[in-house]
Amino acid sequence: MSEAQHMLNLAARLASRAAGYVEPNPMVGCVIVKDGRVIGMGHHLVYGGPHAEVNALADCAARGGGEDPRGATVYVTLEPCAHHGKQPPCVDALITAGVARVVCARRDPNPTALGGADRLAAAGIAFEINEESHAAIRLSDPFIKRITTGLPWVIAKWAQTIDGRIATRTGESKWISSEASRRRVHRTRARVDAILTAVGTLLADDPLLTARAGWRRRRTARRVVIDPALEIPDSAGMLRTLDEAPVTIVCADNALRTRQRTVATLTAMGVEVVALGLESGGEDEVGVDATLRYLVSAHNATNVLIEAGPGLLGRLFDADLVDEAHVYIAPMLLADEQAKPAARGRAADKLSDAKRFTLDRTKRIGDDVLAIYRRSSST
């Protein structure tokens with residue numbers, strides 16, 4: 001393993017500690033090396049706070065006796081910014097420190113942050129992109145997808161039996177996964193910007209979709225329900241817990257016009273009601289692409305977790321909108337063809353019609369297995 005790959009891997013591990021704290025900014029880590037020694041490390045800790053490069057330079061100064069970064073090599077997961085935002089440009093701090101070389105895992109496509117590499121080169125600092133660290137590259141995938149496409153990073157989560165069923169034929173699903181697995185789901189909820197479900201899941205299970213089980217909330221996820229006809233009942237748990245997390249109801253244009261009293265009641269409670277039109281060919285469906293884009297434009301969402309039934313999951317997979325799948329596999333088998341699958345709605349006559357994913361990592365949780373997949377075509 002080269003020094004660049006090793007240091008960028010280390011920078012990625014540092015940066016990942018801030019998941020849920022820095023969004024909508026990217027997670028960024030930085031390691032400063034001089035004469036073969038690490039003399040400073042840092043990462044972006046919290047949105048609005050100093051960036052990774054500045055924290056790494058501060059770490060140089062804080063080490064016993066102080067470390068001089070002049071002439072050092074800086075390894076950073078994303079190209080240093082060159083603009084004034086909530087913080088001054090990172091390139092200015094690097095130029096002032098007199099570093100000799102900056103190695104990045106990938107460029108920053110944010111149009112407001114462009115120019116970091118050029119500014120460094122103009123100051124006589126060598127700049128290069130090194131793609132050896134897979135961890136450092138994929139670290140900023142959610143940020144880069146949002147900036148370049150206007151869509152959030154979409155994580156689909158479900159629990160299933162060994163034979164791929166998420167509920168019995170009667171709809172019973174509590175509980176397929178173990179308590180330990182469910183605690184881990186709460187940790188994920190505490191780090192995303194929004195949790196998306198469909199009204200069918202709400203009517204069947206009345207989920208709260210809040211982060212509980214003792215997890216510290218790094219973010220308070222907005223709960224979003226696709227409810228074309230505004231069928232949400234007044235007794236829904238989400239409406240009783242609006243003080244814990246906000247709720248958005250996405251309906252069809254027709255419902256907004258014909259159910260004005262329901263809209264007024266929900267709005268008075270503090271619920272956001274938005275109509276995003278009909279999906280082509282469907283009289284009772286709302287566009288999932290439009291919903292995701294709305295969450296980015298209206299609420300600056302970077303990461304959206306999907307907790308829904310096979311219908312919504314099938315639509316999201318069919319539209320290639322799922323970037324990551326967290327599949328909790330429980331040690332049970334139903335062997336019932338009428339039990340509910342994880343996703344439905346597609347017709348795939350050949351294996352070549354399948355949606356392709358890459359296994360990213362697995363983790364044993366008691367007798368359950370968590371398998372995390374990434375869409376093969378994700379940027």
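Positions are given from 1 along the sequence.
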(request) Give a yes or no on whether a salt bridge exists between Asp141 and Arg106, defined as a side-chain N under 4.0 angstrom from a carboxylate O. (result) yes

(message) Can you tell me how far apart CG (Leu10) and OH (Tyr75) are? Round to the nearest 0.5 Å.
(response) 11.5 Å

(request) Over all heavy atoms of both residues, which pair between Ala15 and Leu139 is shortest? Give the atoms and the distance, please. (result) CB-CD2, 3.4 Å

(message) Nearest 0.5 Å, please: how far is CG in Leu196 from CG in Leu292?
(response) 6.5 Å

(request) Go through Asp227 and Cys251 one step at a time and tell me if the side-chain contact (heavy atoms from CB on, under 4.5 Å) criterion holds. (result) CA-CA 5 Å; Asp227 184 4; Cys251 67; 5.6 Å; no

(request) Let me see the working for Glu67 and Lys34 under salt bridge (Lys or Arg N to Asp or Glu O under 4.0 Å), right down to the final yes or no. (result) CA-CA 9 Å; Glu67 295 280 2; Lys34 186 175 183 180; over 6 Å; no

Let me check something: any side-chain donor-acceptor pairs from residues 120-128 under 3.5 Å, sequence neighbours excluded? List them with distances.
from, atom 1, to, atom 2, distance (Å)
Glu128, OE1, Arg101, NE, 3.1
Glu128, OE1, Arg101, NH2, 3.2

(request) Over all heavy atoms of both residues, which pair between Glu132 and Gln5 is shortest? Give the atoms and the distance, please. (result) O-NE2, 3.4 Å

(request) Specify the closest pair of heavy atoms between His186 and Arg212, including all atoms of both residues, with the distance to one decimal. (result) ND1-N, 2.9 Å

(message) For Asp368 and Arg182: C-alpha separation, side-chain torsions, deciding distance, then whether salt bridge (Lys or Arg N to Asp or Glu O under 4.0 Å) applies.
(response) CA-CA 11 Å; Asp368 291 352; Arg182 297 196 298 276; over 6 Å; no

(request) Quick one: closest heavy-atom pair of Leu14 and Cys30, and the distance? (result) CD1-O, 4.0 Å

(request) With sequence neighbours excluded, give me every ring pair (Phe, Tyr, Trp, His ring centres under 6.0 Å) pair touching residues 3-33. (result) none

(message) Could you walk me through whether Tyr294 and Val250 satisfy the side-chain contact (heavy atoms from CB on, under 4.5 Å) test, starting with their C-alpha distance in whole Å, then the side-chain angles of each, then the deciding distance to 0.1 Å, before giving a yes or no?
(response) CA-CA 10 Å; Tyr294 175 79; Val250 183; 5.7 Å; no

(message) Restricting to non-hydrogen atoms, name the atom on Ile162 and the atom on Ile329 that form the minimum distance, rounded to 0.1 Å.
(response) CA-CG2, 4.2 Å

(message) Rounded at 0.5 Å granularity, tell me how far CD in Glu79 sits from CD1 in Ile129.
(response) 6.5 Å

(request) Could I get the full list of ring-ring contact (aromatic ring centres under 6.0 Å, His included) partners for His326, not counting sequence neighbours? (result) none

